[in-house]
A.B. asks: 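Here it is: the structure, laid out below.
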Amino acid sequence: MKRIKAIYPGSFDPPTNGHLDLIERGSKIFDELVVAILRNPEKSPLFSLADRRKMLEAMTSGFENVSVDTFDGLTVDYALKVEAQAILRGIRAISDYEYELQMAMMNRKLEPDVETVFMLPSEQYSYLSSRLIKQLARLNGQIKDFVPSVVLERLKTKFH
Ligand code: PNS
């Protein structure tokens, strides 16, 4: 029987409950799911790559078919390297759609055999983003409902 491996690429700076929700959904439909953190030279992240990796590893330790990795360069090249057939991305709202469509089409042009699969996070996370979490944490807002405890602790240490 054919086994389907997917990658879930992103910045995860920091990972949120929305990411975790998507990881859980992805782990149910794919045989194997690799959460792939991009080392993005264009962005200066709040958390180092190593920190983000540790947080995601702690968050996903309960999923047998989920692993965490980091990558450089094109997402499709990484997908080919790890022999994944699919790229998982979340769409929260219509505002995500245009960017995601553009990226999925470009990835398809670059590598037609790698399929992008979109999933919707639970509606309670539909307005959540790493950017807003950082802003809330910086301004002492309540974030405990939006991030796993391992991320909450690290955000507290960063800002207070
Ligand atoms: O969490 P993000 O920041 O929305 O993730 C964006 C990500 C990492 C999926 C995207 O920027 C990406 O794939 N970057 C790697 C370069 C690439 O392959 N770009 C798409 C085709 S040009």
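Predicted model, so just to flag it, every value in this text is computed and none were measured. The residues of the chain are indexed from 1 along the displayed sequence.
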A.B. asks: Any chance you could measure Asn17, atom CG, to Ile23, atom CD1, to the nearest 0.5 Å?
C.D. replies: 10.5 Å
A.B. asks: Compare every heavy atom of Thr75 with every heavy atom of Pro9, then report the nearest pair and how far apart it is.
C.D. replies: CG-CG2, 3.8 Å
A.B. asks: Can you confirm if the NZ or CZ of Lys5 lies within 45° of the ring axis of Phe30 and under 6.0 Å from the centre of its six-membered ring?
C.D. replies: no
A.B. asks: Go through the steps for Arg131 and Asp13 under the test side chain to side chain contact (heavy atoms under 4.5 Å, CB included), then give the verdict.
C.D. replies: CA-CA 8 Å; Arg131 185 176 56 83; Asp13 184 41; over 6 Å; no
A.B. asks: Check whether Met119 and Leu20 end up in the same hydrophobic cluster, where Ile, Leu, Val, Met, Phe, Trp and Tyr are linked by side-chain heavy atoms less than 4.5 Å apart.
C.D. replies: yes
A.B. asks: With rounding to the nearest 0.5 angstrom, report the CD1 to OG distance, Ile37 to Ser48.
C.D. replies: 9.5 Å
A.B. asks: Enter the distance from Leu120:CG to Ser126:OG here, rounded to the nearest 0.5 Å.
C.D. replies: 10.0 Å
A.B. asks: Donor-acceptor check, side chain of Gln85 to backbone of Arg3, threshold 3.5 angstrom: yes or no?
C.D. replies: yes
A.B. asks: Rounded at 0.5 Å granularity, tell me how far OG in Ser129 sits from CG in Leu136.
C.D. replies: 9.0 Å
A.B. asks: Please give me the minimum heavy-atom distance between Ile133 and Pro14, naming the atom from each residue.
C.D. replies: CG2-CG, 4.1 Å
A.B. asks: Is there a continuous path of hydrophobic side-chain contacts, each under 4.5 Å between heavy atoms, that joins Val66 to Ile4?
C.D. replies: yes
A.B. asks: If you count the non-hydrogen atoms of other residues, nucleotides and ligands that lie under 6.0 Å from CZ in Arg108, is the total more than 12?
C.D. replies: no
A.B. asks: Heavy atoms only: give me the nearest Val147-Pro15 pair and the separation to one decimal.
C.D. replies: CG1-O, 4.0 Å
A.B. asks: Side chain to side chain contact (heavy atoms under 4.5 Å, CB included) for Glu98 and Gln102? Distances and angles first, verdict last.
C.D. replies: CA-CA 6 Å; Glu98 202 169 321; Gln102 218 179 6; 5.7 Å; no
A.B. asks: Any Lys/Arg nitrogen of Asp31 or Lys2 sitting under 4.0 Å from an Asp/Glu carboxylate oxygen of the other?
C.D. replies: no
A.B. asks: Mind checking the CE-CE spacing from Met59 to Met55? Nearest 0.5 Å is all I need.
C.D. replies: 8.5 Å
A.B. asks: Using atom types as modelled and distance alone, determine if a side-chain donor or acceptor of Arg52 lies under 3.5 Å from a backbone N or O of Phe47.
C.D. replies: yes
A.B. asks: Hey, quick one: are Leu132 and Ile143 part of the same hydrophobic cluster, counting side-chain heavy atoms closer than 4.5 Å, chains of contacts allowed?
C.D. replies: no
A.B. asks: Starting from Leu80, walk the hydrophobic network (Ile, Leu, Val, Met, Phe, Trp, Tyr; side-chain heavy atoms closer than 4.5 Å) and list everyone else you reach, by chain and number.
C.D. replies: Ile7, Val34, Leu38, Phe71, Leu74, Val76, Tyr78, Val82, Ile87, Met106, Leu110, Val114
A.B. asks: Decide yes or no on side chain to side chain contact (heavy atoms under 4.5 Å, CB included) for Val117 and Arg89, but give the supporting numbers first.
C.D. replies: CA-CA 6 Å; Val117 176; Arg89 291 287 291 171; over 6 Å; no
A.B. asks: Using the side chain to side chain contact (heavy atoms under 4.5 Å, CB included) rule, pick out the option among Val35, Val151, Asp69 that qualifies with Leu56.
C.D. replies: Val35
A.B. asks: Donor-acceptor pair, distance only, cut-off 3.5 Å: does the side chain of Asp96 make one with the backbone of Arg92?
C.D. replies: yes
A.B. asks: Side-chain heavy atoms under 4.5 angstrom apart, residues restricted to Ile, Leu, Val, Met, Phe, Trp, Tyr: same cluster for Leu22 and Met103?
C.D. replies: no
A.B. asks: Would a distance-only check, ignoring hydrogens and angles, find a side-chain to backbone donor-acceptor pair under 3.5 Å from Ser27 to Phe63?
C.D. replies: no
A.B. asks: Could you note down all residue pairs passing ring pair (Phe, Tyr, Trp, His ring centres under 6.0 Å) where residues 110-154 supplies at least one of them, sequence neighbours left out?
C.D. replies: none
A.B. asks: After noting the C-alpha distance and the side-chain angles of Arg154 and Asp51, does the key distance pass the salt bridge (Lys or Arg N to Asp or Glu O under 4.0 Å) rule?
C.D. replies: CA-CA 9 Å; Arg154 282 180 187 250; Asp51 274 350; 3.0 Å; yes
A.B. asks: Considering non-hydrogen atoms only, spot the tightest contact between Arg25 and Asp21 and give its length.
C.D. replies: NE-OD1, 2.7 Å
A.B. asks: Between Ser130 and His19, which heavy-atom pair has the shortest distance, and what is it?
C.D. replies: OG-CE1, 3.4 Å
A.B. asks: Once you round to the nearest 0.5 Å, how far does CD of Gln142 lie from CG of Leu152?
C.D. replies: 8.5 Å
A.B. asks: If two hydrophobic side chains count as joined below 4.5 Å and joins carry through other members, does Phe12 share a cluster with Ile91?
C.D. replies: no
A.B. asks: Apply side chain to side chain donor-acceptor pair (under 3.5 Å) to Asp77 and list each qualifying residue two or more places apart in sequence or on a separate chain.
C.D. replies: none
A.B. asks: Give a yes or no on whether Phe159 atom CZ has more than 12 heavy-atom contacts from other residues, nucleotides or ligands under 6.0 Å away.
C.D. replies: yes
A.B. asks: Determine whether more than 12 heavy atoms belonging to other residues, nucleotides or ligands lie under 6.0 Å from atom NZ of Lys81.
C.D. replies: no
A.B. asks: Quick check: does any side chain N or O of Thr16 sit under 3.5 Å from a backbone N or O of Gly18, one acting as donor and the other as acceptor?
C.D. replies: yes
